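Chain naming here is simple, since letters A, B, ... match the order of the sequence lines and numbering starts at 1 in each. From a predicted model like this one, the values you see are computed outputs, not experimental measurements.
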Number of protein chains: 2
Amino acid sequence: MVKHAEGISKGKWALPGGWINYNESIDDAASRLLKALTGVSNIYLEQLRAFGDLNRYPERRVITVAYFALVKPENYSLHPGFTASDAKWFDIQRVPKTPYDHKEILDFGFAHLKHKVRHEPIGFNLLPQKFTLLGLQELYEAILGKPLDKSNFRRKLMKMNLLVPCKEKQKDVSHRAAALYSFDKKIYDRLLKDEFNFEL
Amino acid sequence: MVKHAEGISKGKWALPGGWINYNESIDDAASRLLKALTGVSNIYLEQLRAFGDLNRYPERRVITVAYFALVKPENYSLHPGFTASDAKWFDIQRVPKTPYDHKEILDFGFAHLKHKVRHEPIGFNLLPQKFTLLGLQELYEAILGKPLDKSNFRRKLMKMNLLVPCKEKQKDVSHRAAALYSFDKKIYDRLLKDEFNFEL
DNA sequence: TCAAATTATGGTCAAAATGACTATTAGTAC
DNA sequence: GTACTAATAGTCATTTTGACCATAATTTGA
């Protein structure tokens with residue numbers, strides 16, 4: 001979220017946003033505004049949906065098209081700019097009170113993510129190119145908000161035939177090194193054709 | 001689709017649409033325009049997403065928020081009006097060439113529906129209030145495009161505890177009458193909280 | 001050098017779910 | 001009454017799941 005430096009929400013933490021220019025696509029506007037306000041660029045933004053209730057914004061009628069992304073915060077440094085005086089990552093459970101309907105947008109987005117992550121392997125965006133099975137498991141435990149059995153998780157993943165062994169091992173760990181795997185989008189797409197289902 | 005009676009797409013079949021008024025929500029605008037152009041009202045419209053590429057519309061910059069619904073065509077009679085000179089249902093495979101980016105909107109919507117129908121029980125919108133298990137099964141066979149085993153289908157549905165028995169039977173059929181069931185949205189919503197999964 | 005700690009990886013087993021069937025029942029049509 | 005149709009119920013081998021337990025490989029530090 002960013003701390004707004006202008007307008008009626010000045011001084012409050014809220015979602016980064018701004019006006020769409022006449023000669024840019026809404027996707028481009030989202031990327032531009034994200035970069036201008038937070039310094040974050042080169043990430044894949046996906047449209048959530050449009051929010052168009054009346055009185056969302058007190059001064060005049062505003063329709064917002066919201067976007068989301070799935071990233072590892074530590075991969076991006078935040079540099080507030082433009083209409084933002086500060087930018088910070090918040091735990092979804094500890095988001096401060098927001099102006100406008102930003103709470104509704106956040107809730108809708110989080111619900112959408114939770115649903116999406118169960119039916120598509122988008123979680124892989126959050127992992128390095130090469131990862132361990134435990135790394136993958138911990139990621140999904142965080143997203144799903146519940147512990148998973150290590151052995152059963154491994155069995156299920158392996159049977160999906162989705163992971164490509166790197167024939168390499170972890171390094172610099174103070175315990176037995178785990179095998180590294182990578183995710184092959186091509187294999188995933190091929191499996192999708194046969195009604196493959198990604199459930200964990 | 002409706003045959004446009006005005007503007008640069010005059011005479012062409014396209015999706016019904018129009019301008020959002022300043023003092024109505026986008027959901028209300030969708031309902032109003034659908035009714036004005038096709039005469040169809042009182043159906044649950046759900047937002048697909050916003051389409052905001054440049055040059056979607058030749059004359060000026062236009063952003064569209066698309067909506068969809070799941071209905072039985074025979075339940076609604078079409079009465080073209082407002083900017084539409086005609087209104088007609090088309091088989092998704094036989095949609096005529098459309099102006100603007102309406103093809104893209106249709107494709108995105110159809111893909112969205114195919115995905116959604118596998119993970120949420122929206123198929124119930126297509127059935128009468130009271131339906132038989134075979135009716136439900138035949139619907140899903142059509143949507144999924146594959147035959148399902150009658151006995152196994154029944155077992156699976158019953159275990160979901162999703163259907164409410166009407167304590168009534170079919171009438172006017174030339175064979176043994178089947179029990180009628182109805183779908184209870186409240187039960188479904190309650191099940192959703194517990195990570196209930198609707199898979200057939 | 002050896003025990004403790006830590007995580008990887010593999011296995012067991014009962015319970016539950018699935019898929020492919022078969023059997024029986026209830027009602028209509030002739 | 002018999003043929004027909006679909007409803008409903010049950011069987012059974014196979015697969016999947018969930019909750020465990022066991023062992024292997026490595027590092028740390030006493």
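- A donor-acceptor contact under 3.5 Å links the side chain of B:Arg155 to the base of C:dG19.
- Toward the 5' end of DNA chain C, the nearer of the two residues A:Lys169 and B:Ser174, judged by each one's closest nucleotide, is A:Lys169.
- Taking 4.5 Å as the limit, every side-chain heavy atom of B:Phe82 sits out of range of all side-chain heavy atoms of B:Pro16.
- Rounded to a whole Å, the CE atom of B:Met158 is 13 Å from the P atom of D:dA7.
- Two rings, from A:Phe124 and A:Phe131, have their centers less than 6.0 Å apart.
- Ion pairing between B:Glu46 and B:Lys116 holds under the 4.0 Å rule for side-chain N and carboxylate O.
- For DNA chain C, no neighbouring residue in residues 131-141 of chain B is found when judged by any heavy atom under 4.0 Å.
- Of the listed nucleotides (C:dG19, C:dT9, D:dA7), C:dG19 has the atom at the smallest distance from the side chain of B:Asn152.
- Contact annotation for B:Lys159: backbone-only contact, meaning every heavy-atom pair under 4.0 Å involves sugar-phosphate atoms and none involves a base.
- Between A:Asp149 and B:Gln170, the one whose closest nucleotide on DNA chain D sits nearer the 5' end is B:Gln170.
- A donor-acceptor contact under 3.5 angstrom links the side-chain atoms of A:Ser151 to the base of C:dG11.
- Note on B:Lys150: a side-chain N or O is less than 4.0 Å away from OP1 or OP2 of D:dA7.
- The backbone N or O of B:Asn152 sits less than 3.5 Å from a side-chain atom of B:Asp149, completing a donor-acceptor pair.
- Protein atom CG of B:Leu148 is 11 Å distant from nucleotide atom P of C:dA20, rounded to whole Å.
- With contacts defined as side-chain heavy-atom distances shorter than 4.5 Å, the pair A:Gln170/A:His175 qualifies.
- As judged by a 4.0 angstrom heavy-atom cut-off over every strand, B:Lys156 is placed among residues touching the sugar-phosphate backbone only.
- With rounding to whole Å, B:Met160 atom CE is found 13 Å from C:dT18 atom C1'.
- By the 6.0 Å contact criterion, NZ on A:Lys103 is open, its count of non-hydrogen atoms from other residues, nucleotides or ligands being 12 or less.
- Following rounding to the nearest Å, A:Phe153 (CZ) and C:dT7 (P) show an atom-to-atom distance of 17 Å.
- The CD-C1' distance, from A:Glu168 to C:dA8, rounds to 17 Å in whole Å.
- Summarising the geometry, the separation between CZ on A:Arg154 and C1' on D:dT17 is reported as 17 Å, rounded to the nearest angstrom.
- Inter-residue side-chain proximity for B:Trp13 and B:Thr98 is flagged as unmet; no heavy-atom pair is nearer than 4.5 Å.
- Taking only distance into account, the side chain of B:Arg176 never meets the base of D:dA6 through a donor-acceptor pair shorter than 3.5 Å.
- When the P atom of D:dT17 is taken as reference, atom CG of A:Leu157 falls 12 Å away, rounded to whole Å.
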